[in-house]
Number of protein chains: 2
Amino acid sequence: MEVSTEEKIIQAAEKIFVRDGFDGARMQDIANEAEINKALLHYYFRSKEKLFEHILQRKMKDFIPRIQAVLRKEMSVMDKLEGIVDGYLRMLSQNPRLPIFLLYSTYRNPAIMQHMPHEIFRDLIAFIDDAIQKKQLKKLDPSQFLLSLLGMCFFPFVAWPVASHMLEKSESEYVAFLKGRKVEIMKVIRELAYETDSS
Amino acid sequence: MEVSTEEKIIQAAEKIFVRDGFDGARMQDIANEAEINKALLHYYFRSKEKLFEHILQRKMKDFIPRIQAVLRKEMSVMDKLEGIVDGYLRMLSQNPRLPIFLLYSTYRNPAIMQHMPHEIFRDLIAFIDDAIQKKQLKKLDPSQFLLSLLGMCFFPFVAWPVASHMLEKSESEYVAFLKGRKVEIMKVIRELAYETDSS
DNA sequence: GTCTATATACAGATAGAC
DNA sequence: GTCTATCTGTATATAGAC
């Protein structure tokens, strides 16, 4: 049941950094959240910057992948696409603030990306490209299609406060709205496929 | 040719706040950018917060609208949709950092949205709804469709550093990639319309 | 209106006892 | 490893001369 101090710090730092961003976060707040002393943060991680980078690396790795598994399964193209959409939407529903935090952090400091694995998209692009070659998806640029797909999944979360206000929805109404998102995205995607569904 | 001090401050504050966010921006940097003294900022705007809110209000108003004009023109549904996409993509190309700044700012402080006009989306939704009723667009939830449309337009800009890195594109390659975006988005949208094009 | 100089507050980081 | 106390830098904001 004992949680190590380091783990407590990491949990606390994740919460505060994701909520407040690097500039907005206070070491004192992280210490309070972890129920330890401020000095201990510097004992475990030398500086705020080092702590932040540690958290960011950790979080970034949850951001993109987990899709590889879906791609490898024996499924129709459309089922795989649905698996990808479903995977992202689930992750986003559980971590609604994560994407804006990551995207903003990389905007503030693009150098961060240099240390991130960049092969992850290759499988996705290759999969889409393959589906197009096999005439299962209509002729679209695979990279562009991928960004459209991701945009449809991520944007409603990234734009949460603006979108819910503009659509005149309360918090709970917007949550309900997002629950219907998967079906609507799949409707769009199905229009981009030929009727070769071999499920 | 004379630019008022207030205008210089606003220009400078826009640049610094959009680049660094509220927490990251320094009043000193804004003063330097405006080539005036720090104390003058407080003379014109009482506090950093007040200055920020002024800038945010200003910028938010450029964010959403400008679309109304397109809607009122005598055009086919598809041409109107193309006008909307084109309008956003142009604006985004000229202000690539604007959306992430606005979205992040509202995430940090959702109360900001309370003072924003929220009727702007109504026209868009009504237009989409109308097109569906008239069987010109396939049966989709209008709000969901709108978010998909906006997601496809905004996401590649909001996710710039992540996306360009993941797609293994240099800055200039990514810019070129974004130039091809309109065509690809319209391909998707055309698949969502019936062949009733009366252009 | 615009400046210099300063007050005030608080952040990140360290020293050193335990 | 963990704490209290403190150093140091720097940010917002104000006072007051011009």
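These numbers come from a predicted model, not from an experiment.
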Inset, instruction - Would you mind listing every salt bridge (Lys or Arg N to Asp or Glu O under 4.0 Å) that reaches into residues 154-174 of chain A, with sequence neighbours excluded? - result: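 Found A:E168-B:R122.
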Inset, instruction - Would you check, one step at a time, whether the test side chain to side chain donor-acceptor pair (under 3.5 Å) holds for A:E7 with A:Q11? - result: CA-CA 6 Å; A:E7 191 54 36; A:Q11 295 294 330; 2.9 Å; yes
Legend entry - Presence of B:Y44 side-chain N/O under 4.0 Å of C:dT2 phosphate oxygens OP1/OP2: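 Looking at the OP1 and OP2 atoms of C:dT2, one of them is under 4.0 Å from a side-chain N or O of B:Y44.
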Spacing of [X] atom [atom1] relative to [N] atom [atom2], expressed in whole Å:
{"X": "B:F17", "N": "D:dA11", "atom1": "CZ", "atom2": "P", "result": "14 Å"}
{"X": "B:E2", "N": "C:dG1", "atom1": "CD", "atom2": "P", "result": "14 Å"}
{"X": "A:F45", "N": "D:dG1", "atom1": "CZ", "atom2": "C1'", "result": "14 Å"}
{"X": "B:L40", "N": "C:dT4", "atom1": "CG", "atom2": "P", "result": "10 Å"}
{"X": "B:I30", "N": "D:dT12", "atom1": "CD1", "atom2": "C1'", "result": "11 Å"}
{"X": "B:K8", "N": "C:dT2", "atom1": "NZ", "atom2": "P", "result": "8 Å"}

Legend entry - B:Y174 ring center within less than 6.0 Å of B:W160 ring center: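 Under 6.0 Å, so yes.
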Legend entry - Sub-6.0 Å ring centroid separation between A:Y104 and B:Y104: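 Centroid separation for A:Y104 and B:Y104: below 6.0 Å.
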Legend entry - Closest to the B:I36 side chain, choosing from C:dT2, C:dC3, D:dT2: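 Among the listed nucleotides, the one closest to the side chain of B:I36 is C:dC3.
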Legend entry - ring pair (Phe, Tyr, Trp, His ring centres under 6.0 Å) pairs, two or more places apart, involving residues 11-38 of chain B: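 Passing the test, one end in residues 11-38 of chain B: B:F17-B:F52, B:F22-B:F52.
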Inset, instruction - Quickly, which of B:D23, B:V18, B:I16 forms a side-chain contact (heavy atoms from CB on, under 4.5 Å) with B:D20? Name it, please. - result: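 By the side-chain contact (heavy atoms from CB on, under 4.5 Å) criterion, B:D20 pairs with just one of B:D23, B:V18, B:I16: B:I16.
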Inset, instruction - Assign a letter to each nucleotide of nucleotides 11-18 of chain C from its 5' end: B, base within under 4.0 Å of a protein heavy atom; S, sugar-phosphate only; -, no contact. - result: SBBBB---
